[in-house]
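Read the structure below first, then the notes.
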Amino acid sequence: MAFEDLKKTQGSMWGAGPFEQVEASLADMHGRVFDRVGPHDGRPWLDIGCGTGGVSALAAADGADVTGVDLAPNLIETATRRAQVGGLSVTYEVGDVEDLEFDDGAFGIVTSSIGAMFAPDQKTAASEIARVCAPGGSLTLTAWRPDGGVGRFFKLMREFQPQPPPEGVGNPLDWGREQHVQDLLGDFFELEFEELDSPFEIASGEEFWELYSHAFGPTRVLAESLDDERRSEFRQTFIEFAEQERDGDAIRQSRTYLQIGGTRRP
């Protein structure tokens with residue numbers, strides 16, 4: 001497959017920090033994904049880019065036969081440990097959305113909450129999502145809006161990255177555009193879209209920096225790659241970015257995203 005070296009780097013990067021500390025702020029989004037699926041009726045459920053188990057744990061707690069895959073081995077280890085502690089039965093595997101090791105139509109439910117959008121080869125990822133979803137099966141994805149709070153956050157990150165992504169790598173934020181998703185998945189699924197918000201609240205820009213530079217792998221890896229002067233600039237820019245969203249005694253950032261629902265065509 002293409003971009004193998006890049007994906008190895010991504011797998012290491014996303015697992016570089018205790019991501020569960022960041023994923024906790026996405027609980028409302030994960031809950032909406034779960035709610036949209038509705039009754040699972042015993043259908044096998046695949047959660048792609050499962051992270052530390054935000055959606056898959058909800059599904060397992062409801063008795064679903066759920067498999068979670070993620071590119072980052074460290075995240076899979078954390079998800080597995082959390083499921084064991086919680087007494088949940090989930091199959092967790094390291095896996096690549098561009099090359100899913102499952103039979104055609106193996107799952108009646110496929111979800112991905114802010115996961116599949118980061119695959120570098122978006123057409124291949126979309127094709128694989130469609131391949132493993134059974135005819136009549138349910139699809140629910142979420143992706144950040146490019147013009148929302150997270151889109152602006154990624155723009156800030158890019159200003160400090162030493163080089164642009166390799167040629168041909170898809171922009172993850174394009175998954176937050178209805179027409180782009182229609183182009184990727186419309187031949188396979190009857191699609192519907194809804195814009196939602198997952199607001200983020202934290203006491204200060206300083207706390208925002210401390211959380212993300214410690215627990216969010218991409219920020220942590222980037223910060224650690226910079227020399228002292230550039231890292232100090234990154235930190236200050238990060239804090240100022242957050243403080244722009246101050247509302248009284250806290251930072252309150254709107255994080256708009258696109259929820260994508262689909263039914264697999266026969």
Side-chain angles (χ1 to χ4, degrees), residues 3 6-7 9-17 19 21-26 28-30 48-49 51-52 54 70-72 75 97 112-122 125 141-181 184 195-202 205 207-226 230-231 233-245 251-260:
F3 309 126
L6 173 62
K7 288 187 286 187
T9 299
Q10 286 181 331
S12 175
M13 175 185 71
W14 283 101
F19 181 70
Q21 295 179 19
V22 174
E23 190 170 52
S25 75
L26 302 173
D28 58 335
M29 181 192 298
H30 297 333
I48 298 169
T52 56
D70 199 284
L71 195 62
L75 299 188
V97 66
S112 183
S113 189
I114 310 296
M117 65 178 287
F118 291 102
D121 187 337
Q122 297 183 357
L141 311 175
T142 59
W144 297 119
R145 283 292 208 188
D147 56 352
V150 177
R152 295 191 296 274
F153 169 76
F154 285 157
K155 182 179 179 181
L156 180 157
M157 293 271 289
R158 284 196 301 272
E159 292 175 2
F160 288 86
Q161 289 167 342
Q163 57 189 20
E167 185 177 353
V169 172
N171 181 351
L173 294 172
D174 283 342
W175 279 92
R177 309 177 194 273
E178 288 92 331
Q179 186 56 57
H180 185 73
V181 177
L184 289 173
E195 180 175 285
L196 297 168
D197 194 6
S198 174
F200 178 71
E201 183 171 324
I202 199 165
E207 288 193 20
F208 187 49
W209 165 257
E210 291 300 325
L211 174 63
Y212 270 72
S213 63
H214 169 66
F216 187 60
T219 301
R220 180 171 180 164
V221 169
L222 177 56
E224 291 175 352
S225 74
L226 302 174
R230 188 68 167 152
R231 186 177 189 276
E233 183 184 354
F234 183 34
R235 175 183 176 277
Q236 187 60 37
T237 302
F238 208 96
I239 291 170
E240 291 173 358
F241 167 81
E243 288 291 343
Q244 293 174 4
E245 304 293 333
I251 307 298
R252 295 182 176 88
Q253 182 189 64
S254 172
R255 302 184 299 184
T256 53
Y257 66 94
L258 186 66
Q259 181 169 273
I260 303 150

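Along the sequence shown, residues are numbered consecutively beginning with 1.
Contact check for Gln161 versus Arg158: side-chain heavy atoms found under the 4.5 Å cut-off. Proximity of Ile251 to Glu201: side-chain heavy atoms (C-beta onward) are nowhere separated by under 4.5 Å.
Tyr257 OH to Met29 CE: the interatomic distance, rounded to the nearest 0.5 Å, is 5.0 Å. With values rounded to the nearest 0.5 angstrom, Glu23 atom CD is found 3.5 Å from Thr52 atom OG1. Interatomic distance, NE2 of His30 versus OG of Ser198, reported as 8.5 Å (0.5 Å rounding). The distance from the CG atom of Leu258 to the CD atom of Glu195 is 7.5 Å, given to the nearest 0.5 Å.
Side-chain atoms of Arg145 come within 3.5 Å of backbone atoms of Gly176 as a donor-acceptor pair (strictly under, hydrogens ignored). In this structure, Arg231 contributes its side chain and Leu226 its backbone to no donor-acceptor pair below 3.5 Å. Checked by atom type and distance alone, the side chain of Ser12 never pairs as donor or acceptor with a backbone atom of Thr9 at under 3.5 Å. Proximity of a side-chain donor or acceptor of Thr142 to a complementary backbone N or O of Ile114 within less than 3.5 Å is detected.
Scanning both residues, Thr256 and Gly148, for their nearest heavy atoms gives OG1-CA, 3.5 Å. Residues Phe208 and Ala242 come closest through the heavy atom pair CD2-CB, 3.3 Å. Of all the heavy atoms in Gly151 and Leu173, the pair that sits closest is CA-CD1, 3.9 Å. The heavy-atom pair separating Asp197 from Ser254 by the smallest distance is OD2-OG, 2.9 Å.
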Could you go through the side chain to side chain contact (heavy atoms under 4.5 Å, CB included) check for Gln21 and His214 one step at a time? CA-CA 9 Å; Gln21 295 179 19; His214 169 66; 3.8 Å; yes

Criterion side chain to side chain contact (heavy atoms under 4.5 Å, CB included) on Phe154 and Trp144, from CA distance to verdict: CA-CA 10 Å; Phe154 285 157; Trp144 297 119; 4.2 Å; yes

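Listed by chain and number, the residues in a ring-ring contact (aromatic ring centres under 6.0 Å, His included) with Trp209 are Phe234, Phe238 (sequence neighbours excluded). For Glu159, the salt bridge (charged side-chain N to carboxylate O under 4.0 Å, His left out) criterion is met by no residue, not counting sequence neighbours.
Classified by interplanar angle (parallel below 30°, tilted 30° to 60°, perpendicular above 60°), the ring pair Phe241/Phe153 is tilted. Using a 30° and 60° split on the angle between ring planes, Trp175 and His180 fall in the perpendicular class, above 60°.
Counting only residues at least two apart or on different chains, the salt bridge (charged side-chain N to carboxylate O under 4.0 Å, His left out) pairs with a member in residues 162-177 are Asp174-Arg177.
Under a 4.0 Å N-O distance rule, the pair Arg252/Glu245 does not qualify as a salt bridge.
Between Glu240 and Gln244, the side chains place no donor N or O within less than 3.5 Å of an acceptor N or O (distance only, hydrogens not considered).
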